[in-house]
Enquirer: 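Once you've had a glance at the structure underneath, I'll fire off some questions.
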Amino acid sequence: MSHPMGIGKAIRLVRKARGLTQEDFSEVSSRTYLSSLERDLKSPTLDKLMQLANVAGVHPATLIAVSMLPTLNESRVDALLSLLERELRGLVSGD
């Protein structure tokens with residue numbers, strides 16, 4: 001299995017894909033802190049991850065899912081979505 005990109009790179013990828021600057025997150029994070037996250041010098045709490053996701057306009061699980069992929073491409077996304085669907089449905093059904 002390839003090494004995942006990590007949460008910092010995922011935050012940066014989503015931020016840039018949405019056309020946002022680090023300054024656009026100023027209501028929930030300083031630019032310095034966001035830069036530290038994106039460079040994997042710090043790790044966000046779940047609350048902070050939820051705030052960042054809200055500003056980026058994505059579900060927090062999207063940031064986590066992207067962070068688990070070594071690269072963002074259609075086949076890797078499909079495989080991850082399949083795995084998540086099986087696991088979540090198993091939890092719901094009690095399997």
Side-chain angles (χ1 to χ4, degrees):
M1 184 171 147
S2 299
H3 186 41
M5 75 173 68
I7 197 67
K9 288 185 177 79
I11 291 168
R12 184 171 193 244
L13 189 149
V14 170
R15 177 179 64 76
K16 288 187 167 243
R18 296 288 196 199
L20 298 169
T21 66
Q22 289 179 339
E23 288 78 18
D24 291 325
F25 291 80
S26 64
E27 287 192 28
V28 299
S29 175
S30 70
R31 194 198 63 71
T32 302
Y33 177 71
L34 188 57
S35 176
S36 294
L37 290 176
E38 290 183 356
R39 291 180 291 135
D40 288 321
L41 299 176
K42 295 187 178 190
S43 296
T45 63
L46 184 55
D47 285 340
K48 183 57 70 177
L49 192 67
M50 290 169 46
Q51 292 172 357
L52 296 170
N54 186 52
V55 173
V58 298
H59 193 282
T62 299
L63 290 176
I64 295 169
V66 170
S67 78
M68 298 307 299
L69 298 170
T71 58
L72 189 60
N73 64 51
E74 194 169 337
S75 66
R76 291 189 190 273
V77 168
D78 288 344
L80 180 58
L81 288 174
S82 238
L83 172 65
L84 290 173
E85 182 176 20
R86 282 193 312 275
E87 290 179 351
L88 289 170
R89 288 190 186 282
L91 291 169
V92 169
S93 67
D95 291 342

Enquirer: Hey, are the side chains of S29 and Q51 touching, using non-hydrogen atoms and a 4.5 Å cut-off?
Expert: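 S29 vs Q51: side chains apart.
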Enquirer: Drop me the distance from N54's CG to E27's CD, to the nearest 0.5 angstrom.
Expert: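 If we round to the nearest 0.5 Å, N54:CG and E27:CD are 10.5 Å apart.
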Enquirer: Kindly say whether V28 contributes a backbone atom to a donor-acceptor pair with the side chain of K48 at under 3.5 angstrom?
Expert: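 Side chain of K48 to backbone of V28: a pair is present.
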Enquirer: Return the CG to OG distance between L41 and S35, rounded to the nearest 0.5 Å.
Expert: 7.5 Å
Enquirer: I would like to know whether S75 and D78 meet side chain to side chain donor-acceptor pair (under 3.5 Å); could you show each step before the answer?
Expert: CA-CA 5 Å; S75 66; D78 288 344; over 6 Å; no
Enquirer: Between F25 and L52, what is the shortest heavy-atom contact and its length?
Expert: CE2-O, 3.4 Å
Enquirer: Does R12, at its CZ atom, have more than 12 non-hydrogen atoms belonging to other residues, nucleotides or ligands within less than 6.0 Å?
Expert: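 For R12, atom CZ is not crowded (no more than 12 foreign heavy atoms under 6.0 Å).
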Enquirer: Would you say the side-chain atoms of S67 pair up with the backbone N or O of I64, donor to acceptor, closer than 3.5 Å?
Expert: yes
Enquirer: Could you check whether any side-chain N or O of R15 sits under 3.5 Å from a backbone N or O of L20, counting only pairs where one atom can act as donor and the other as acceptor?
Expert: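 Checking the backbone N and O of L20 against the side chain of R15, a donor-acceptor pair under 3.5 Å is found.
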Enquirer: Minimum heavy-atom separation for A10 and V66, please, with both atom names.
Expert: CB-CG1, 3.6 Å
Enquirer: How long is the span from the CZ atom in R18 to the CG atom in D24, to the nearest 0.5 Å?
Expert: 13.0 Å
Enquirer: Minimum heavy-atom separation for L80 to A65, with atom names?
Expert: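 Closest approach of L80 to A65: CD2-O, 3.4 Å.
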Enquirer: Do Y33 and V14 belong together in a cluster built from hydrophobic side chains that touch within less than 4.5 Å?
Expert: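 Y33 clusters together with V14.
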Enquirer: How long is the span from the CG atom in L88 to the CG atom in L83, to the nearest 0.5 Å?
Expert: 9.0 Å
Enquirer: Which value, rounded to the nearest 0.5 Å, describes the distance between I7 atom CD1 and M68 atom CE?
Expert: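 Result: 9.5 Å between the selected atoms.
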Enquirer: Rounded to the nearest 0.5 Å, what separation is found between the OG1 atom of T71 and the CG atom of N73?
Expert: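 So the gap between those two atoms works out to 4.0 Å.
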